[in-house]
Structure formats: C-alpha cells, structure tokens
2 protein chains.
Amino acid sequence: MDNRLATAGVVGLSPLYRRVEDRILKDLAAGQWRSGEPIPAETKLAKRFDVSIGTVRKAIDELVARQILVRHQGRGTFVAVHDEDRALFYFFRVVARDGIKKYPTSELLSFSEGRADPAQAAALRIPRGAPILRFRNRLAIEGRALILDRIAVPQSLFPGLDEATLRERPSTIYSLYQSRFGINVIRASERLHARTCARETARALGLAADTPILEIRRIAYSYNDAPVEYRISQVDTRDHDYLNDLGRNAGT
Amino acid sequence: MDNRLATAGVVGLSPLYRRVEDRILKDLAAGQWRSGEPIPAETKLAKRFDVSIGTVRKAIDELVARQILVRHQGRGTFVAVHDEDRALFYFFRVVARDGIKKYPTSELLSFSEGRADPAQAAALRIPRGAPILRFRNRLAIEGRALILDRIAVPQSLFPGLDEATLRERPSTIYSLYQSRFGINVIRASERLHARTCARETARALGLAADTPILEIRRIAYSYNDAPVEYRISQVDTRDHDYLNDLGRNAGT
DNA sequence: TTCGATTTGTTCGTATGTATT
DNA sequence: TAATACATACGAACAAATCGA
C-alpha cells in the first residue's frame with residue numbers, strides 16, 4: 001500500500017501538512033489507534049507519508065492544539081484520553097458562585113430504549129423514529145443535587161449499552177463511551193437559556209415549581225463532526241455559575 | 001540598544017521562542033505598535049532579536065493562536081483589531097433559538113461617574129471606592145430589546161470618556177476602547193446563571209417581573225491579564241440562546 | 001499593465017538538547 | 001549506558017500574495 005501523500009512534481013490543493021493532519025484524523029476515526037495508545041513516532045510517520053519530519057510535526061501540532069493528541073517528550077504522541085480531569089475541566093463548567101470547582105457525583109435515575117423525536121433526530125443526524133437509548137442522570141456537588149441531565153444516544157453507536165453498565169461505570173460517561181465503545185467526544189456545542197423549571201425537574205432537584213433554572217442543550221461530537229450524544233441539562237444556578245472563558249486558548 | 005535575547009553559548013531558562021513572544025507582548029502592552037498597525041517583518045525581528053526566522057515565526061504563531069496578532073501573506077503581521085466582526089463573533093454569543101446570528105443594535109441608557117463597589121473593585125482589581133465610570137446599554141436584535149448591559153470601567157484607564165463619545169461611537173464598545181484609549185480586550189471570563197429579572201431590567205426590556213432571565217457577569221482583560229471592564233448582562237432568552245462551543249479551537 | 005521588491009506560507013533538512021525507557 | 005522520541009533552534013529554497021514603481 002502506498003501511503004505517500006505527495007506526488008513528485010505535482011502540487012495538491014491544500015498544504016501538505018493539512019493532508020497529513022487529515023490522514024491521521026482519518027486513521028483515528030477508523031479506530032486505527034485507540035485512546036491512550038501512542039501513534040507512531042514522528043520519524044516513522046515522516047517515512048510512511050514520505051514527507052519531512054517538520055511537516056509531520058506541524059500536522060501533529062494542530063491535532064495537539066485541538067486536544068485530539070497529546071505529546072510527551074521522550075515517550076511519544078498519544079491519543080487523548082477522557083480521564084476524570086479532562087471531562088471535568090473541559091466539558092463540565094458548573095462551579096460554586098464563590099468557590100472552586102468540585103467533583104460532582106452522579107446518580108442514574110432512569111434508563112430506557114426509545115425512538116428519536118424530531119429534536120433528537122435533528123441533533124444526532126439520524127432519521128425520526130430511529131432507535132435511541134435514553135437515560136437521566138442526576139449530578140450533585142457536595143451532596144447537593146444541582147443538575148438533571150436527559151441524555152439520548154443512537155443505539156447503533158452503543159450496542160449492548162445497558163442500565164447496569166451505566167450504573168457501574170467507574171468514571172465519567174464520556175470515559176465510558178471511550179473505553180467501552182471506542183467513541184471519543186472531542187468537542188461539543190452548547191446552547192444555554194434561562195427558564196422556569198418543569199415539574200419533573202423540580203421534583204428531581206427539590207425545587208419550587210417556578211424556580212428559574214439554566215437549561216443547556218448540548219450536542220457532543222466525535223471525529224469528523226459526527227454527533228454522538230444529545231443532552232439537555234437543567235441546572236440549579238441559585239448558588240452556582242456556568243463558567244466560560246472567551247479567548248483564553250484562542251477561538252471559542 | 002542591544003535587543004538580543006540570546007547570549008552566545010549560554011542557555012536561558014525558558015525556550016528562546018517564548019522569550020521572543022514575551023518581548024513582543026511587552027512591546028504590545030507598552031503601546032509600541034497600535035491596533036491594526038503592522039509589526040516589523042519576520043526577517044527584521046529575527047535580526048533585531050538575533051535569532052533565526054524560524055524562532056520568530058514560532059513566537060508569532062503563538063500570538064496568532066491567541067488572536068493577539070493577525071498574519072496576512074504578502075502584507076505583514078498586524079496587531080489584531082476589534083472590528084465589528086471580531087467583537088460580534090468572538091464576544092457576542094447570543095443567537096436566535098432557531099436562527100442565524102444577527103447584528104445587535106445598541107442604545108445608551110445612562111452614563112455616570114461613581115465609585116467602585118466591592119464586586120466591581122474585586123473584578124477590576126482596584127481599591128473599593130476608586131473612581132469608575134458606569135453606563136447602561138440596551139441591545140436589540142431585529143428591533144427587539146433583548147439585553148441590558150451594566151458596564152463599569154476604571155476612570156483611570158479611560159480618561160475623558162464621556163456620554164457623547166459613547167453615544168456617538170461608530171462601532172462596538174471594544175472597538176472604541178481600542179481606537180480611543182489604546183486598550184485591547186483580548187479575552188474575557190464569564191459566569192452565567194438564571195434568575196428572575198429585577199424591576200429595573202423588566203422595565204428596560206419590557207418583561208413581566210418574574211420572567212426568568214440569563215445573567216452574565218463578564219470580566220474583560222487586556223494584555224498581561226489586566227482587567228479593564230466589568231459587565232453584568234441580563235438577557236431575555238425566551239427566544240434566544242447563549243451559544244458556546246467547547247473544544248472547537250482547543251481550550252475553552 | 002508589467003515587473004520587481006517585499007512579506008508571509010510551505011517544505012525541506014540538519015544539529016543539538018532533554019526526557020524516557 | 002544506549003537507544004528512542006519529542007523539543008528547540010537554525011537556515012535554505014521556493015511558492016503565493018501584495019504593493020508600488
């Protein structure tokens with residue numbers, strides 16, 4: 001098999017380093033290397049793709065910036081892992097109003113199979129009525145129930161996912177997606193608004209019926225912008241805030 | 001004057017490219033080059049700092065990633081400008097629930113001098129009671145009043161800023177900070193929560209007294225993490241969302 | 001309009017340093 | 001210690017975009 005990306009004398013449309021980047025991403029999406037595993041050394045990749053090592057480095061630089069890969073001097077370059085820390089500091093943005101970020105505890109409230117409603121179908125880019133898995137999760141910080149998550153995922157992506165697996169997962173949900181199903185959540189888009197909480201939410205979080213809450217609709221994506229999860233979170237923000245830094249690491 | 005950052009044969013503590021980066025940042029903070037102006041060409045900087053052009057490029061790469069500089073092939077490298085687009089797509093995250101981002105129109109409601117209350121003092125890192133300027137701004141999208149901003153800035157940073165200047169500004173507020181006072185807002189941290197709207201907000205936005213609204217507390221920073229503005233926004237999110245992408249450009 | 005000078009963008013290669021195994 | 005892998009730094013050559021003569 002010829003892995004070379006450049007053909008002598010002929011110039012491609014996009015820069016070489018971007019084609020290398022795409023190629024690595026494609027292998028990643030194909031499950032060529034699993035999370036936490038090292039990808040081949042820069043010199044190896046340079047040979048395989050028949051480009052200079054500088055070009056490989058530039059491609060990897062971009063993937064590291066996107067938090068898809070992680071470099072370790074002297075050890076190698078690894079597929080990013082969604083460990084506790086990453087999930088918490090990257091995808092979990094709720095923090096006490098005047099305090100430090102605490103680890104939330106999670107409690108599975110319900111689990112069922114179902115069919116995608118229009119909103120879920122649109123978010124997950126699957127047909128209406130396609131089989132999905134639904135579950136509800138309650139998060140507490142320092143013993144206080146604060147967040148109710150309603151999560152929907154396509155059944156096709158998570159074969160065999162059941163209530164026991166979810167309940168007994170050792171770490172975060174995204175960590176489970178990764179270790180059990182090989183699905184890496186690498187980005188998410190969220191839409192937030194304020195609303196009064198519904199009865200169900202009020203009951204789950206112990207709130208009065210008209211309490212204003214923060215509702216977050218999140219679509220989580222894997223490689224190639226494939227949506228893998230749709231989640232609606234209801235957050236009691238009476239004593240907590242949703243944190244967002246603009247321009248800290250460029251872009252968002 | 002000797003601008004060299006490296007001394008022959010001696011290695012510094014931090015990498016050379018980072019020292020170059022810091023040096024450029026320092027010149028930027030000192031107002032050496034104003035927004036929109038080009039910085040010297042890479043070859044010039046390489047000579048000035050007595051490093052290779054590759055090292056200068058790496059330093060500039062980081063500043064470009066942080067959106068502090070902008071490169072244009074064939075023209076040069078420029079200090080980032082807060083034009084309409086940047087302010088809108090970078091710092092303004094409110095969008096119609098089922099639609100595209102629209103340009104908001106702004107209306108100055110009030111302007112006054114005052115003294116920093118404890119929250120403002122803490123956010124702006126100035127003493128309590130230090131002189132500040134306060135103003136309120138109402139933003140509308142497609143003719144509908146949606147957002148009430150209460151803004152506080154230290155008087156010391158904005159000498160001569162008055163109501164007329166604010167009212168007649170041609171573009172965004174951050175654009176005014178930049179063109180009139182040489183202050184560049186390069187990042188911001190925001191804390192969001194849901195609450196019922198206060199009487200004043202209800203009046204300004206034409207809402208019922210108990211409508212749930214999204215409150216955003218933003219601290220805007222210039223170079224060297226110096227806070228320059230404290231802003232509390234009240235957003236009517238009945239038909240609009242606050243948009244946030246996690247992991248799109250790495251980091252946030 | 002053409003041409004040349006300037007500036008950043010891309011790609012290559014080499015040498016050396018530092019961390020890990 | 002030796003081998004391996006990434007990190008830093010240097011520089012060359014050419015491409016592509018821009019701008020002014």
Side-chain angles (χ1 to χ4, degrees), chain A residues 3-24 33 36-81 250, chain B residues 3-24 28 33 36-81:
Chain A
N3 282 290
R4 281 177 301 121
L5 293 173
T7 312
V10 179
V11 224
L13 298 85
S14 54
L16 198 43
Y17 70 86
R18 198 163 295 282
R19 299 209 296 278
V20 171
E21 188 186 341
D22 288 343
R23 174 57 195 275
I24 295 173
W33 311 295
E37 288 180 357
I39 69 171
E42 293 171 350
T43 49
K44 302 261 174 57
L45 290 175
K47 275 207 189 73
R48 173 184 302 185
F49 297 143
D50 195 30
V51 301
S52 81
I53 190 170
T55 301
V56 170
R57 279 193 67 80
K58 182 145 183 167
I60 293 180
D61 278 346
E62 308 241 329
L63 296 171
V64 167
R66 289 166 63 184
Q67 313 232 27
I68 291 171
L69 297 179
V70 178
R71 280 207 250 243
H72 291 289
Q73 184 176 173
R75 291 205 285 143
T77 301
F78 301 81
V79 183
V81 175
Chain B
N3 283 290
R4 282 178 300 123
L5 293 174
T7 312
V10 180
V11 225
L13 296 84
S14 55
L16 196 45
Y17 72 86
R18 197 164 297 280
R19 298 210 296 279
V20 171
E21 189 186 340
D22 288 342
R23 174 56 194 277
I24 294 174
L28 236 26
W33 311 296
E37 288 180 358
I39 69 171
E42 293 169 351
T43 49
K44 300 263 173 59
L45 290 175
K47 276 211 188 70
R48 174 184 303 185
F49 298 143
D50 195 30
V51 300
S52 81
I53 191 170
T55 301
V56 169
R57 281 192 65 80
K58 180 143 185 170
I60 292 179
D61 278 346
E62 308 242 329
L63 296 171
V64 168
R66 290 166 63 185
Q67 312 231 28
I68 291 170
L69 296 178
V70 177
R71 282 207 247 243
H72 290 290
Q73 184 176 169
R75 291 207 284 144
T77 302
F78 302 79
V79 183
V81 174

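Note on naming: letters A, B, ... go to the chains in the order of the sequence lines (proteins, then strands), and numbering restarts at 1 for each one. Predicted model only: the values in this text are computed from it and were never measured. Values below: all heavy atoms of this structure, side chains included; hydrogens, waters and symmetry mates excluded.
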_In this structure, how many angstroms lie between the C1' atom of C:dT21 and the CZ atom of A:F78, rounded?_
11 Å
*Please state how far atom CG in A:L16 lies from atom C1' in D:dC14, giving the value in whole angstrom units.*
14 Å
Strictly under 3.5 Å: I want the nitrogen or oxygen pairs between protein and nucleotides 5-7 of chain C, one per line.
unit_1	atom_1	unit_2	atom_2	d
C:dT7	O2	B:G74	N	3.2

*asked:* I need the B:R57 CZ to B:L45 CG distance, nearest 0.5 Å.
replied: 12.0 Å
*asked:* Nearest 0.5 Å, please: how far is CG in B:L69 from CD1 in B:I60?
replied: 6.5 Å
*Given atom CG of B:D50 and atom P of D:dA9, what is their separation to the nearest angstrom?*
13 Å
*In Å, rounded to the nearest 0.5 Å, how long is the span from CZ of B:R66 to CD of B:E62?*
8.0 Å
*Would you please name every residue forming a side chain to side chain donor-acceptor pair (under 3.5 Å) with B:T43, sequence neighbours left out?*
none
_Whole angstrom value for the distance that separates P of D:dA15 from CZ of A:R18_ = 21 Å
*Mind checking the CG-CG spacing from A:D50 to A:L16? Nearest 0.5 Å is all I need.*
9.0 Å
*Starting at atom OH of B:Y17, determine the distance to atom P of C:dG17, rounded to an integer number of angstrom.*
18 Å
*asked:* Does D:dA9 have its OP1 or OP2 closer than 4.0 Å to a side-chain nitrogen or oxygen of B:K58?
replied: no
*Can you tell me which residue pairs pass the ring pair (Phe, Tyr, Trp, His ring centres under 6.0 Å) test with a partner in residues 51-71 of chain A, sequence neighbours excluded?*
none
*Indicate whether OP1 or OP2 belonging to D:dC10 is found under 4.0 Å from a side-chain N or O atom of B:T55.*
yes
*Atom CZ of B:R57 and atom P of D:dA13: how far apart are they, to the nearest Å?*
18 Å
*Euclidean distance, atom CD1 of residue A:I53 to atom P of C:dT16 [Å, nearest integer]*: 16 Å
